[in-house]
Asker: 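Take this structure, written in structure tokens, and hold onto it; I'll ask about it next.
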Amino acid sequence: MADYRTIKAEPLTNAIRAIVKAGGSSDREAELVSTNLVEANLKGHDSHGVGMIPRYVQSVVNGGLAVNAHVKTVLDTGPLLTLDGVTGYGQVIGHEAMELAAERAKQNGVCLVGLSNSHHIGRIGHWAEQCIDHGLVSIHFVNVISRPIVAPWGGSDARHGTNPFCVGIPRAGKDPIVLDFATSRIAQGKTRVAHNKGVALEPGTIIDNEGKPTTNPRYTVIPPHGAILPFGEHKGSGLALVCEILGGALSGGQVVKGPSDGKYNVLNGMLSIVIDPNKLGTGENLASEVESFVAWHTGSPPGPGVEKVKIAGEPERETKKKRLAEGIPVDPTTWQEILAAGQKFGLDQAAIEKIVS
């Protein structure tokens, strides 16, 4: 990692906040966007971190990302919410949507919320964690409206997005369970990171533009495009299909219907189920049974080369602790793209460098 620069979380957040503000965003919006992206980096998900800023800036320039937009309520019956993200920053839209959902879940015991037309909503685990902070369980199905990037099982070209699935479960006085994964073999952003770093992908991860196996990440970043394969073969592909329909259609939004229009925009739809265990009358049972199972689960003797058995969300917390202490590694290609993005908003590169120096 000799070519990397390592930037502490606070100055990196300040730099991203400055870029977003230069694009016309309010202080609150710039704060939500910058802290969300840096949090993704801290937790090891660089694919959803500050490297997304160049795409966001281009979307603002193209008119596909609405600055200072707020979630619009289409329907509110209490336990049912239908929301429109009006192509606003996903970090703002997602935050507002989950606050509304948490409020309704506490009132009614459950909230089913359909969110459509949000600009890139980022790391889905962030929204599960927001619900966890309210003491709530949440389940999320997400689709992606952009250039198709993932092949269906048995297919030879890209037909849908990475379509994440996420579940968050709070634990009293202990670290929560946060299951958050793309239904593709790896996240699209991870192929961008690999391309920027100039490293190959693992065999069996992607196919090229002719549907043949390859390890070169360029086929998911620059034309001619190939596709990422689904995780878990037909099982992951089936879950991706469900995420597309629930996150895209049942939410009130749209599904992928064909090739991209060529614009550099990313829209997400998300169907979320938010549950108050106490209102369900099972809060105490959940708390005790979770601990019983976590103890049994993590008590398995580690296999060869494994330090210990972990729960979902634990690797991210370990990475965050390390990166808070040591800083966040940013590859030179990504950093140059961030500087160039700032310039598009009229922010001098030297000014950005000064913030992180």
Asker: Quick one: pull up CG in Leu75 and OG1 in Thr82 and give me the separation to the nearest 0.5 Å.
Answerer: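 Going from CG on Leu75 over to OG1 on Thr82, the span is 4.5 Å.
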Asker: Given Asn36, which of Glu31, His126, Met52 fulfils the side chain to side chain contact (heavy atoms under 4.5 Å, CB included) condition?
Answerer: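 It is His126; the other options fail the test.
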Asker: Considering the options Thr162, Thr220, Thr205, which one meets the side chain to side chain contact (heavy atoms under 4.5 Å, CB included) requirement together with Thr191?
Answerer: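 For Thr191, the side chain to side chain contact (heavy atoms under 4.5 Å, CB included) test succeeds with only one of Thr162, Thr220, Thr205, which is Thr220.
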Asker: So, are Asp46 and Lys190 salt-bridged, with charged N and O less than 4.0 Å apart?
Answerer: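 Here Asp46 does not pair with Lys190 in a salt bridge, since their nearest N and O are not under 4.0 Å apart.
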Asker: Verify the neighbour count for atom NZ of Lys310: are there more than 12 heavy atoms of other residues, nucleotides or ligands below 6.0 Å?
Answerer: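 For Lys310, atom NZ is crowded (more than 12 foreign heavy atoms under 6.0 Å).
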Asker: Please give me the minimum heavy-atom distance between Pro152 and Arg159, naming the atom from each residue.
Answerer: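 Smallest interatomic distance, heavy atoms only, reads CD-CG, 3.6 Å.
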Asker: What's the shortest heavy-atom distance between Ala105 and Lys279, and which atoms?
Answerer: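 Shortest heavy-atom separation between Ala105 and Lys279 comes out as O-CG, 4.3 Å.
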Asker: Hey, can you tell me if Phe165 and Phe141 have their rings parallel, tilted or perpendicular (30° and 60° cut-offs)?
Answerer: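 Taking Phe141 first and then Phe165, their aromatic rings sit tilted (interplane angle of 30° to 60°).
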Asker: Atom CG of Leu201 and atom CD1 of Ile186: how far apart are they, to the nearest 0.5 Å?
Answerer: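 One gets 4.5 Å once the value is rounded to the nearest 0.5 Å.
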Asker: Determine whether a donor-acceptor pair (N or O, by modelled atom type, separation under 3.5 Å) exists between the side chain of Ser357 and the backbone of Lys354.
Answerer: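 A pair under 3.5 Å: yes.
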Asker: Counting heavy atoms not belonging to Glu10, are there more than 12 under 6.0 Å from its CD?
Answerer: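 Atom CD in Glu10 is not packed in, count stays at 12 or less.
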Asker: When you look at Glu318 and Lys322, which way does the salt bridge (charged side-chain N to carboxylate O under 4.0 Å, His left out) test go after all the steps?
Answerer: CA-CA 6 Å; Glu318 292 173 350; Lys322 184 173 188 287; over 6 Å; no
Asker: Do Ile311 and Val167 share a hydrophobic cluster, counting only Ile, Leu, Val, Met, Phe, Trp and Tyr and linking them when any side-chain heavy atoms are less than 4.5 Å apart?
Answerer: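 Yes, Ile311 connects to Val167 through the hydrophobic network.
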Asker: Through direct or indirect side-chain contacts below 4.5 angstrom among Ile, Leu, Val, Met, Phe, Trp and Tyr, which residues connect to Met98?
Answerer: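 Cluster partners of Met98: Val71, Leu81, Leu83, Ile93, Leu100, Val113, Leu115, Ile121, Ile124, Trp127, Val142, Met270.
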Asker: Starting from Phe293 and following side-chain heavy-atom contacts under 4.5 Å between hydrophobic residues (I, L, V, M, F, W, Y), which residues can be reached?
Answerer: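 Besides Phe293, the cluster holds Trp296.
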Asker: Can the ring centres of His120 and His48 be said to be less than 6.0 Å apart?
Answerer: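 Between His120 and His48, the centre distance is under 6.0 Å.
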Asker: Going through the checks in order, is the salt bridge (charged side-chain N to carboxylate O under 4.0 Å, His left out) test met by Arg123 and Glu129?
Answerer: CA-CA 10 Å; Arg123 183 178 68 92; Glu129 289 160 2; 2.8 Å; yes
Asker: Relative to the ring of Tyr56, is the ring of His119 parallel (under 30°), tilted (30 to 60°) or perpendicular (over 60°)?
Answerer: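 Taking Tyr56 first and then His119, their aromatic rings stand perpendicular (interplane angle over 60°).
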Asker: Please name the pair of heavy atoms, one in His160 and one in Asn163, separated by the smallest distance, quoted to 0.1 Å.
Answerer: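 The answer is ND1-ND2, 4.1 Å.
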Asker: Side-chain heavy atoms nearer than 4.5 Å, only ILVMFWY residues, links allowed to pass through others: does that put Phe231 and Val144 together?
Answerer: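 Result: no, two separate clusters.
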